[in-house]
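Heads up: the structure comes next, in structure tokens.
Along the sequence shown, the residues carry numbers beginning at 1.
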Amino acid sequence: MDWEAFAERMATMARDLLAQESVEATLDRISACAVDIVEGCDAAGILVLHSSRVESLAPTEGLVVRSDRLQARLREGPCFDAARRLDGERVFRIKDFTEPEERWPAFIREARDLGIGSMMGFLLYTEEENLGALNLYSRHPAAFTRASETAGWLLASHAAVAFSSARTADQLQQALQTRHTIGEAMGILMERLKITEDDAFALIRRVSQERNVKLRDIARQICESGGIDG
């Protein structure tokens with residue numbers, strides 16, 4: 001492993017990740033960088049757990065999606081465990097799928113048919129939150145070395161910060177857009193119903209609660225139709 005060249009590529013990647021314009025673009029770049037930077041990596045993706053539901057994000061190819069679905073169905077696997085952060089572990093690895101493995105026997109048996117030879121999972125986390133797992137795959141047994149594992153962990157550490165920053169920026173943008181939409185809807189109601197600002201907001205909130213529809217969605221309907229339907 002040429003660590004000097006690796007460091008230069010990591011520095012370039014870090015700047016590139018923070019320059020992406022959306023969460024989706026950031027995740028796609030993380031997966032692409034994993035294939036490009038980590039020796040032995042043929043495919044990569046990010047697995048996120050929402051309670052009991054598994055979401056496969058930014059897969060570089062179908063193999064990643066099929067593996068995530070398999071782990072979700074069996075409720076076991078290195079990436080599934082990495083995303084759950086069991087026992088404080090942050091790195092999971094299956095060196096060779098042709099050899100017996102006590103930890104995830106059902107997954108390994110079925111994953112061989114997917115063409116997976118070896119794989120690693122790295123927890124994506126910051127001090128404040130767990131974000132999921134970065135999963136690296138090779139079609140060849142014993143493809144990942146100790147250097148590959150170190151490189152993958154360094155990549156995952158950078159990726160977690162970029163992922164978290166992208167989500168924060170995206171959430172802020174959504175919040176600003178929601179505030180703008182609600183303000184516009186309040187203005188429409190004030191003009192049409194000749195009511196005060198406080199009464200307009202109270203009306204939007206009451207309709208949201210009665211219909212069990214999010215406030216921003218009621219506001220959007222008002223903006224689109226010019227009033228409250230029904």
Where is the tightest heavy-atom contact between [X] and [Y], given as atom of each residue plus distance?
X    : Y    : value
F97  : A111 : CE2-CB, 3.4 Å
A106 : E76  : N-OE2, 3.2 Å
A156 : F122 : CB-CB, 3.6 Å
A185 : A219 : CB-O, 3.6 Å
P141 : T98  : CG-CG2, 4.1 Å

How many angstroms lie between atom [atom1] of [X] and atom [atom2] of [Y], to the nearest 0.5 angstrom?
X    : Y    : atom1 : atom2 : answer
K95  : T145 : NZ    : OG1   : 10.0 Å
I46  : L27  : CD1   : CG    : 4.5 Å
Y137 : D42  : OH    : CG    : 12.5 Å
H140 : D96  : NE2   : CG    : 12.5 Å
H158 : D16  : NE2   : CG    : 12.5 Å
L155 : T150 : CG    : OG1   : 12.5 Å

Check whether any side-chain heavy atom of [X] lies under 4.5 Å from a side-chain heavy atom of [Y], and answer yes or no.
X    : Y    : value
T181 : C223 : yes
S56  : L47  : no
F92  : R103 : yes
I108 : I94  : yes
I30  : L134 : yes
P78  : M120 : no

Partner set under salt bridge (charged side-chain N to carboxylate O under 4.0 Å, His left out) for [X], not counting sequence neighbours:
X    : value
D199 : none
R73  : E110
R93  : E149
E191 : K194

Intermediate values then yes/no, side-chain contact (heavy atoms from CB on, under 4.5 Å), I116 and S67: CA-CA 9 Å; I116 300 174; S67 174; 4.0 Å; yes
Return yes if some donor-acceptor pair links the side-chain N/O of [X] with the main-chain N/O of [Y] below 3.5 Å, else return no.
X    : Y    : result
S138 : C41  : no
S148 : E39  : yes
E197 : M186 : no

More than 12 heavy atoms from other groups under 6.0 Å of CZ on R112: yes
Would you say that more than 12 heavy atoms from the other residues, nucleotides or ligands in this model lie under 6.0 Å from the CD of E55, or not? yes
Can T196 and D198 be counted as having a side-chain donor-acceptor contact under 3.5 angstrom? no
Test side-chain contact (heavy atoms from CB on, under 4.5 Å) on W104 and L74 and set out the steps. CA-CA 10 Å; W104 304 289; L74 298 174; over 6 Å; no
Same apolar cluster (I L V M F W Y, side chains within < 4.5 Å links), L136/V35: no
With the threshold set at 4.0 Å, does a side-chain nitrogen-carboxylate oxygen contact exist between D217 and K214? no
Which side-chain N or O atoms in residues 200-210 pair as donor and acceptor under 3.5 Å with protein atoms at least two apart or in another chain?
unit_1: S208; atom_1: OG; unit_2: V213; atom_2: O; d: 2.4
unit_1: S208; atom_1: OG; unit_2: L215; atom_2: N; d: 3.4

Using residues 58-66 as the side-chain source, report each donor-acceptor pair under 3.5 Å to any protein atom, sequence neighbours left out, with the distance given to one decimal.
unit_1: T60; atom_1: OG1; unit_2: A44; atom_2: N; d: 3.0
unit_1: T60; atom_1: OG1; unit_2: A44; atom_2: O; d: 3.4
unit_1: E61; atom_1: OE1; unit_2: R139; atom_2: NH2; d: 3.3
unit_1: E61; atom_1: OE2; unit_2: R139; atom_2: NH2; d: 2.2

